[in-house]
Amino acid sequence: MNAWIEKQRHLIDFTLASLARRRTKNFGLLLVYTLLVFVLASVALYTHALRQEAAQVLKQSPEIILQRMVAGRHDLIPPGYIEKIGRIRGVQAIEGRLWGYYYDPVVKANYTFMAPAAEAVRPGTLTVGPAVARSRGLAPGNTISFRAYSGKLFSFTVAGVLPHSSELVSADLVLMSEADFRAFFAYPAGHHTDIALSVANPLEVRNVAAKLAAVLPDSRPILREEVLRTYASVFDWREGIVLALLSAAIFAFAILAWEKASGLSAEEKREIGILKAIGWETGDIIKMKLWEGGLISFTAFLVGFIAAYVQVFRFGAPLFEPVLKGWSVLYPRFELVPAIDSLQVATLFFFTVFPYMAAVLVPIWRAAITDPDAAMRS
Amino acid sequence: MIELTQIRKAFNQGQPNEFWALNGIDLAIEAKKVTAFRGPSGSGKTTLLTIVGCLARPTSGRVKLAGDDISGLPERFLTDIRRSTFGFVFQQFNLIKGLSALDNVMLPAFPTGRPHRELRERSESLLDRLKLAHRREARVEWLSGGEQQRVAIARALVNDPKVLIADEPTANLDTALSREFMGILESLNAEGRTVILSSHDPLVVESAAVDCVVSMRDGQLTRD
């Protein structure tokens, strides 16, 4: 066992000396490879953290949202619908919601106006999302005026700013009282935008949705898990777009790394011949080159991944944020909670380290099986 | 110690450019003696050395080392024998550029897994013995031809082999360095090592240090 460890130590010593001897080539290779891992890991880490963030935030949202459809379009819920639903087993609460969009020409951005059911916002006041507060320079106590679609001007006092923790989905939110909401949008009395239902047992959600569809055939139940899935696929789509855009560069990097790794110089071939002649086995040479490939690829993976982690979770992914996070006009600003998916890391490791090892191994194996007497004839 | 029976060696066998480098060699090389293969270029000296030193297998014929037939052994076993029994000094020295003299000397012992300190001490003492202690940390490409050859000799001796094989050892040396080399060979032989070399340099083959000269031409032994 000691001899085996000593042998590996000797091989690693020789490998390190070899790497140092071809400093420029190996440093270039390490750099290109690290960049490759950095780009892939940044995209993977960022989208995964976004998905986690969205899931975390949506945990608070109702299990089912019911929308009324007219001619395949979302329409207002008329009075009496909530009563029509009546009592469905498993439903903890039913609540008519009021929300709509407002275009603010001052900052050329869309806000989501909403009237929360509980009297959380007093008439004449607003609670605004962090991005709205930033873009309009609002702080609690400030007054702000919005011109309604009717042309009438409404003034409100800012009562509070929503917390940063939910900014991914509340960046552009403006909360107001029901009375203000109805007055501002000239919303017909008794009507709602949609209906939110809370279901305690997750296994019951689909049954409740089926019952709702039966009671109100002109309505569409939207399940929270569907919303989550939509979010996930939007982020997946964005991840795909980024990777597609970067694919040319990634391919160029990968080809360069492959070329550098798989190309054996005449000098390297000569050295392999010498090593065989002085008593190294084919296996020793392959092991030595595996150590070399392993050291380069593992270092590149580690450095690239850590750099990506720091870029995403420490600096907020400035390189990919605009396209990956996505928002109409108001960009949410939030600290991502570090989230690492071990399967994702393993996949990235597999697809970056293994091809490199293969690229190194094949030409070395070919060179290493040559007859040792070649050294005598060089 | 080494017996060769009807050794034949072909290159590119079965191809239009097939070439028989050795053609029926019968030879017994005595242990603890200095044997020199002499002959013009292309006579098969180097090919014979590669077969004797387990660097290549004969196309036909038998090689016996201390009574054991080793001609049919797989590569792994041949490598083992090569590493423990033979030390090589190549014509072009074949040192690894970019490494120090000491690192080059230690190289053949790496696969043995000997403890690093022991290996280093052994390599340093060999360099010291060959008057290269002061150059041990120098990269080999910075050394003179004579120094490079002495590094190559130290490397050949690091695994303490019974047999030293040198291919045209004086081809790249001037007269003074060639004499120095023969002096080293003599001392190694005096320690009880078998030395086998190839050369067409009269300074080598006519040296008093050489016990037996084997003449070759066209892949066969010739009578002088």
Side-chain angles (χ1 to χ4, degrees), chain A residues 1-27 264-292 365-378, chain B residues 9 11 21 45-51 53-57 74-100 103-119 139 152 155-156 158-159 161 165 167-168 198:
Chain A
M1 190 62 188
N2 275 349
W4 186 87
I5 291 170
E6 278 294 335
K7 182 174 168 177
Q8 300 309 311
R9 193 188 149 189
H10 291 320
L11 290 179
I12 293 171
D13 277 352
F14 182 71
T15 303
L16 290 173
S18 292
L19 288 173
R21 279 186 299 139
R22 300 184 187 95
R23 209 169 285 131
T24 320
K25 175 190 167 180
N26 289 317
F27 186 72
L264 267 188
S265 66
E267 183 64 23
E268 283 173 285
K269 282 182 190 156
R270 181 180 158 270
E271 283 182 15
I272 289 170
I274 294 170
L275 292 175
K276 284 204 79 173
I278 62 174
W280 285 45
E281 283 175 26
T282 304
D284 297 328
I285 289 163
I286 290 173
K287 267 180 224 149
M288 184 262 288
K289 283 289 168 184
L290 277 180
W291 274 115
E292 189 177 309
W365 178 74
R366 272 201 211 123
I369 55 166
T370 52
D371 282 336
D373 64 337
M376 205 71 144
R377 304 179 182 284
S378 61
Chain B
K9 176 72 179 178
F11 290 101
K45 304 185 298 290
T46 301
T47 307
L48 190 55
L49 279 185
T50 62
I51 288 173
C54 299
L55 284 169
R57 287 195 199 85
E75 195 222 314
R76 207 174 152 192
F77 293 95
L78 278 185
T79 305
D80 235 15
I81 293 170
R82 189 162 69 237
R83 189 163 53 217
S84 56
T85 313
F86 298 98
F88 295 91
V89 179
F90 303 101
Q91 187 177 345
Q92 302 294 336
F93 313 136
N94 281 345
L95 300 172
I96 306 270
K97 284 182 199 161
L99 292 185
S100 68
D103 286 338
N104 264 283
V105 173
M106 289 161 73
L107 270 181
F110 280 177
T112 63
R114 270 158 70 185
H116 190 265
R117 181 186 289 191
E118 180 193 315
L119 184 54
R139 287 161 66 153
R155 183 179 69 180
V158 75
N159 283 335
I165 292 180
D167 183 30
E168 301 279 3
S198 74

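Lettering follows sequence order; numbering is per chain, from 1.
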**Message:** With rounding to the nearest 0.5 angstrom, report the CD to CD1 distance, B:Q92 to A:I274.
**Reply:** 10.5 Å
**Request:** Check for a donor-acceptor pair, side chain of A:R21 on one end and backbone N or O of B:K97 on the other, with a separation under 3.5 Å.
**Result:** yes
**Asked** Charged N to carboxylate O under 4.0 angstrom, A:E281 versus B:R76?
**Response** yes
**Prompt:** By a 4.5 Å heavy-atom criterion (distance strictly below it), what part of B:L119 contacts chain A: side chain, backbone, both, or neither?
**Reply:** side chain
**Item:** Part of A:K276 within contact of chain B (heavy atom distance under 4.5 Å)
**Value:** both
**Request:** Name the region of A:L11, side chain, backbone, both or neither, that has any atom closer than 4.5 Å to a heavy atom of chain B.
**Result:** neither
**Item:** Parallel, tilted or perpendicular, as decided by the 30° and 60° cut-offs, for the rings of B:F110 and A:F14
**Value:** perpendicular
**Request:** List for me each residue that meets salt bridge (charged side-chain N to carboxylate O under 4.0 Å, His left out) alongside A:D13, sequence neighbours excluded, and say none if there are none.
**Result:** none
**Request:** Working to the nearest 0.5 Å, report the span between CG of A:D284 and OG1 of B:T112.
**Result:** 10.0 Å
**Message:** How close do A:G279 and B:P111 get, counting heavy atoms only, and between which atoms?
**Reply:** O-CG, 4.0 Å
**Message:** I'd like to know if the side chain of B:H116 reaches the main chain of A:R9, judged simply by a donor and an acceptor atom lying under 3.5 Å from each other, with no hydrogens or angles considered.
**Reply:** no
**Message:** Donor-acceptor check, side chain of A:W280 to backbone of B:T79, threshold 3.5 angstrom: yes or no?
**Reply:** no
**Asked** In terms of heavy-atom proximity below 4.5 Å to chain A, should B:E168 be classed as side chain, backbone, both, or neither?
**Response** neither
**Prompt:** Side chain, backbone, both or neither: which part of A:E267 has a non-hydrogen atom closer than 4.5 Å to chain B?
**Reply:** side chain
**Prompt:** Quick one: CG on B:N94 to CD on A:E271, what's the gap to the nearest 0.5 Å?
**Reply:** 10.5 Å
**Request:** Please state whether the side chain, the backbone, both or neither of B:R114 comes within less than 4.5 Å of a heavy atom of chain A.
**Result:** backbone
**Request:** Please report the shortest heavy-atom distance between B:F90 and A:A277, naming the atom on each side.
**Result:** CZ-CB, 3.6 Å
**Prompt:** With sequence neighbours left out, what residues match B:R57 under salt bridge (charged side-chain N to carboxylate O under 4.0 Å, His left out)?
**Reply:** none
**Request:** Against chain B, label A:S18 side chain, backbone, both or neither, depending on which of its atoms sit under 4.5 Å from a heavy atom there.
**Result:** neither
